[in-house]
A.B. asks: 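Let me give you the structure first, and then I'll get to my questions.
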Amino acid sequence: MTFASRRQFVTQALGTAAALALPALASHAQSRPVLKAGDQKGGLRALLEAAGGLDGLGYDIQWSEFPAAAPLAEALNAGAVDSGPIGDAPLIFALAAGTRVKAIGANRSDAYGTAVLVRPDSPLKTAAELKGKSIATNRGSIGHYVALKAIGSAGLQPEDVNIRFLAPADAKLALTQGSVDAWATWEPYTALAEVSKHARVLVSGRGLLPGLSYLAATDSAIAAKRPVLQDFLQRVVKAQRWSYDNVDAYSAALARIIGIPPEAAKLQFERRQQKWVAIDAQVVADQQATADFYRQVGLIKQPLDVKGTFDTGFSVAG
């Protein structure tokens, strides 16, 4: 066999081998699990990308971003996403609506930035002065929760105010244009409104809310993708630890990723002081208190026992 014929033979053999390998490679690629991850603005994706927490994944992530927890909860209910970050109050609404979802990780933070905002020139100074006023917020959101807790702390009833249900962008516009008197919202919207001088905090959630939020997952995803969800949760925990060790770097990355001023990103991040915690008796008790409050004010129709809505088999250690 001449050199040329040998080369032709090797080339043909390699081509045949490559052709045979392609279906195997395609099959391998198709076998990688896919996590359908829901997110909110300034949430988990921004954190993981900034911290390099998506390196070396053994699965693919299909991201979907939502402007608030309510549409994210609807996506969970529809099975459009497997998992996503959600506050304690919107989780109550989701569960009361029959969504088959569980909290697999718990996060505590300073609740200051979950707040009722008013325009800088507003004459309102206290929660009691909200009587007869209009408050914009998302139905079932943590903003809705802080609005009800704020007026309750002043001895008012839900019917004493006019709550208008608007998405964050519409609520902000309504406040700045004067068509509502207040806006009940959360971070990063609170910090962004403060830094841009569009609003000031009338009532903060500090002392009113337990500062709980969760990583929630559907029952079907927990059954089919438990190792993937555990890996994802631990990556989030490690990324958050990195973020507090690198405040300036993370704040700059967060501002770039979600498109807000660096000072707003740093303000909302530093004051939240988030920490992932074990789902213990105190977490369950605080969540039960939220459910009981929503039942008391008539936002859910039936009592809800929250104990069965947690999966304590996931770890936030590491």
Side-chain angles (χ1 to χ4, degrees), residues 35 37-57 61-69 71-72 81 83-88 90 105-115 117 138 141-143 146 167-169 171-172 183 185-201 204-206 209 211-216 231-277 316 318:
L35 178 66
D39 200 15
Q40 297 187 56
K41 187 178 181 69
L44 302 185
R45 186 176 187 177
L47 174 66
L48 287 164
E49 288 183 356
L54 298 175
D55 297 340
L57 285 173
I61 299 180
Q62 178 184 311
W63 291 100
S64 299
E65 184 177 284
F66 300 89
L72 192 158
V81 297
S83 180
I86 189 168
D88 53 351
N107 193 304
R108 282 198 186 272
S109 62
D110 187 322
Y112 181 88
T114 303
L117 309 181
N138 260 69
S141 69
I142 194 69
V146 77
K172 177 186 175 183
W183 172 27
T185 190
W186 56 90
E187 301 285 21
Y189 299 112
T190 299
L192 185 57
E194 289 179 288
V195 167
S196 63
K197 309 297 185 186
H198 289 146
R200 60 177 171 84
V201 172
S204 84
R206 193 177 288 167
L209 312 180
L212 276 172
S213 60
Y214 302 101
L215 180 64
D231 180 80
F232 183 75
L233 174 58
Q234 289 194 318
R235 286 173 181 270
V236 171
V237 172
K238 290 176 182 177
Q240 186 170 280
R241 190 177 303 124
W242 173 89
S243 69
Y244 280 106
D245 289 337
N246 300 272
V247 172
D248 290 337
Y250 174 62
S251 298
L254 178 63
R256 183 179 66 254
I257 290 168
I258 66 175
I260 65 174
E263 58 268 33
K266 187 171 184 179
L267 173 62
Q268 67 93 28
F269 172 67
E270 284 190 308
R271 71 182 174 195
R272 289 172 83 174
Q273 292 299 307
Q274 293 177 305
K275 183 178 180 181
W276 289 92
V277 298
V316 294

A.B. asks: Taking it one step at a time, do L233 and W276 satisfy side chain to side chain contact (heavy atoms under 4.5 Å, CB included)?
C.D. replies: CA-CA 10 Å; L233 174 58; W276 289 92; 4.0 Å; yes
A.B. asks: CG/N138 to CH2/W186 distance, rounded to the nearest 0.5 angstrom?
C.D. replies: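 CH2 of W186 is found 4.5 Å from CG of N138.
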A.B. asks: Would you say the side-chain atoms of Q274 pair up with the backbone N or O of N107, donor to acceptor, closer than 3.5 Å?
C.D. replies: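 No: the side chain of Q274 does not pair with the backbone of N107.
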A.B. asks: Verify, without hydrogens or angle tests, whether Y244 (side chain) and Q273 (backbone) share a donor-acceptor contact under 3.5 angstrom.
C.D. replies: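 The answer is yes, because a donor-acceptor pair under 3.5 Å joins these two groups.
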A.B. asks: Taking all heavy atoms of A50 and all of I257, pick out the closest pair and write down the distance.
C.D. replies: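 Shortest heavy-atom contact: N-CD1, 4.4 Å.
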A.B. asks: Hey, are D231 and R235 close enough for a salt bridge, meaning a charged N less than 4.0 Å from a carboxylate O?
C.D. replies: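 Yes.
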A.B. asks: So which heavy atom on I142 is nearest to which on P90, and how close?
C.D. replies: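 Scanning both residues completely, I find the closest heavy atoms to be N-CD, 3.8 Å.
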A.B. asks: Which pairs count as salt bridge (Lys or Arg N to Asp or Glu O under 4.0 Å) when at least one residue sits in residues 185-196, sequence neighbours excluded?
C.D. replies: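 Those involving residues 185-196 are E187-R271, E194-R271.
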A.B. asks: How long is the gap from OG on S251 to CD on Q268, to the nearest 0.5 Å?
C.D. replies: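 With rounding to 0.5 Å, OG (S251) is 8.0 Å from CD (Q268).
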A.B. asks: Given T190, which of T114, L267, T185 fulfils the side-chain contact (heavy atoms from CB on, under 4.5 Å) condition?
C.D. replies: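 When T114, L267, T185 are each tested with T190, the side-chain contact (heavy atoms from CB on, under 4.5 Å) holds only for T185.
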A.B. asks: Measure the CG-CZ distance between L35 and F232 for me, rounded to the nearest 0.5 Å.
C.D. replies: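 Answer rounded to 0.5 Å: 6.0 Å.
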A.B. asks: With side chain to side chain contact (heavy atoms under 4.5 Å, CB included) as the test, would you mind laying out the steps for L117 and Y189 before giving the verdict?
C.D. replies: CA-CA 10 Å; L117 309 181; Y189 299 112; over 6 Å; no
A.B. asks: For residues A216 and I86, report the shortest heavy-atom separation together with the two atoms involved.
C.D. replies: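 For A216 and I86, the tightest heavy-atom pair comes out as CB-CG2, 3.8 Å.
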A.B. asks: For Y250 and A46, work out which heavy atoms get closest and say how close.
C.D. replies: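 So the two residues come closest at CE1-O, 4.2 Å.
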A.B. asks: Apply salt bridge (charged side-chain N to carboxylate O under 4.0 Å, His left out) to E49 and list each qualifying residue two or more places apart in sequence or on a separate chain.
C.D. replies: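 Per chain and number, E49 pairs via salt bridge (charged side-chain N to carboxylate O under 4.0 Å, His left out) with R45.
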A.B. asks: Can you tell me how far CG of L72 sits from CG of D39, rounded to the nearest 0.5 angstrom?
C.D. replies: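 Those atoms lie 8.0 Å apart.
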A.B. asks: Side chain to side chain contact (heavy atoms under 4.5 Å, CB included) between H198 and W183: does it pass, once the steps are laid out?
C.D. replies: CA-CA 11 Å; H198 289 146; W183 172 27; over 6 Å; no
A.B. asks: How would you list, by chain and number, every residue that makes a side-chain contact (heavy atoms from CB on, under 4.5 Å) with A252, sequence neighbours excluded?
C.D. replies: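 So A252 forms no side-chain contact (heavy atoms from CB on, under 4.5 Å) with any residue.
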A.B. asks: To the nearest 0.5 Å, how far apart are CG in D88 and OG in S213?
C.D. replies: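 Spacing of CG (D88) from OG (S213) equals 8.0 Å.
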A.B. asks: Can you see which heavy atom on L215 is nearest to which on S83, and at what distance?
C.D. replies: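 L215 and S83 have their closest heavy atoms at CD1-OG, 3.3 Å.
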A.B. asks: CD1/I260 to NZ/K266 distance, rounded to the nearest 0.5 angstrom?
C.D. replies: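 I260 atom CD1 to K266 atom NZ measures 13.5 Å (nearest 0.5 Å).
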A.B. asks: Dump the intermediate steps for side chain to side chain contact (heavy atoms under 4.5 Å, CB included) on L48 and V236, then the final yes or no.
C.D. replies: CA-CA 6 Å; L48 287 164; V236 171; 4.1 Å; yes
A.B. asks: Shortest non-hydrogen contact from W242 to A51?
C.D. replies: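 Answer, listing the atom of W242 first, then A51: CE3-CB, 3.4 Å.
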